[in-house]
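Everything numeric in this text was worked out from a predicted model, so none of it was measured. Position 1 is the first residue of the sequence; numbering continues from there.
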Amino acid sequence: MMEHVFKVGQVVRPRSTNHNLPNDLFRVLRLLPSTAGGVPLYCIKSQAELIERVVEQNEIEAAPR
């Protein structure tokens with residue numbers, strides 16, 4: 001099982017290979033339990049949207065500072 005790489009409050013963005021998320025910056029709101037396959041999940045939200053999204057760790061990357 002993999003460990004969570006990102007922390008609550010950290011700013012992330014979609015990986016360039018992920019076309020399911022808008023090209024925006026997101027803040028990690030919560031760390032969620034891993035999938036059955038052991039991939040960590042995150043609850044994220046962008047400033048531009050009202051909705052929260054659940055994504056797998058391999059769908060996001062750290063945003064440059």
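- Shown here for Leu31 and Phe6, the closest heavy-atom pair between the two residues is CD2-O, 3.4 Å.
- To the nearest 0.5 Å, atom CZ of residue Arg27 and atom CD of residue Gln47 are 7.0 Å apart.
- With rounding to the nearest 0.5 Å, the separation of CD1 in Ile44 from CG in Leu21 is 5.0 Å.
- Screening Leu32, Val8, Val55 for a side chain to side chain contact (heavy atoms under 4.5 Å, CB included) involving Tyr42 leaves a single residue, Val55.
- The backbone N or O of Val5 lies less than 3.5 Å from a partner atom in the side chain of Gln57, making a donor-acceptor pair.
- How far CZ of Arg30 is from NE2 of His4: 12.0 Å, rounded to the nearest 0.5 Å.
- When atom types are taken as modelled, the side chain of Glu49 and the backbone of Ser46 share no donor-acceptor pair closer than 3.5 angstrom.
- In this structure the side chain of Phe26 reaches within 4.5 angstrom of the side chain of Asp24, judged on heavy atoms.
- The number of heavy atoms from other shown groups lying within 6.0 Å of CD1 (Ile51) is above 12.
- Taking 4.5 Å as the limit, some side-chain heavy atom of Leu29 sits within range of a side-chain heavy atom of Cys43.
- Under a 3.5 Å cut-off, the side chain of Arg13 and the backbone N or O of Ala63 do not form any donor-acceptor pair.
- Separating the CG atom in Leu25 from the NZ atom in Lys45 is a distance of 13.0 Å, to the nearest 0.5 Å.
- The pair Glu61-Arg15 meets the salt-bridge criterion, with a side-chain N (NZ, NE, NH1 or NH2) lying under 4.0 Å from an Asp/Glu carboxylate O.
- Scanning both residues, Ser34 and Pro40, for their nearest heavy atoms gives OG-CA, 3.6 Å.
- Note that the CD1 atom of Ile60 and the CD atom of Gln10 stand 8.0 Å from one another [nearest 0.5 Å].
- Within the 4.5 Å cutoff, the side chain of Pro22 has heavy atoms near those of the Arg53 side chain.
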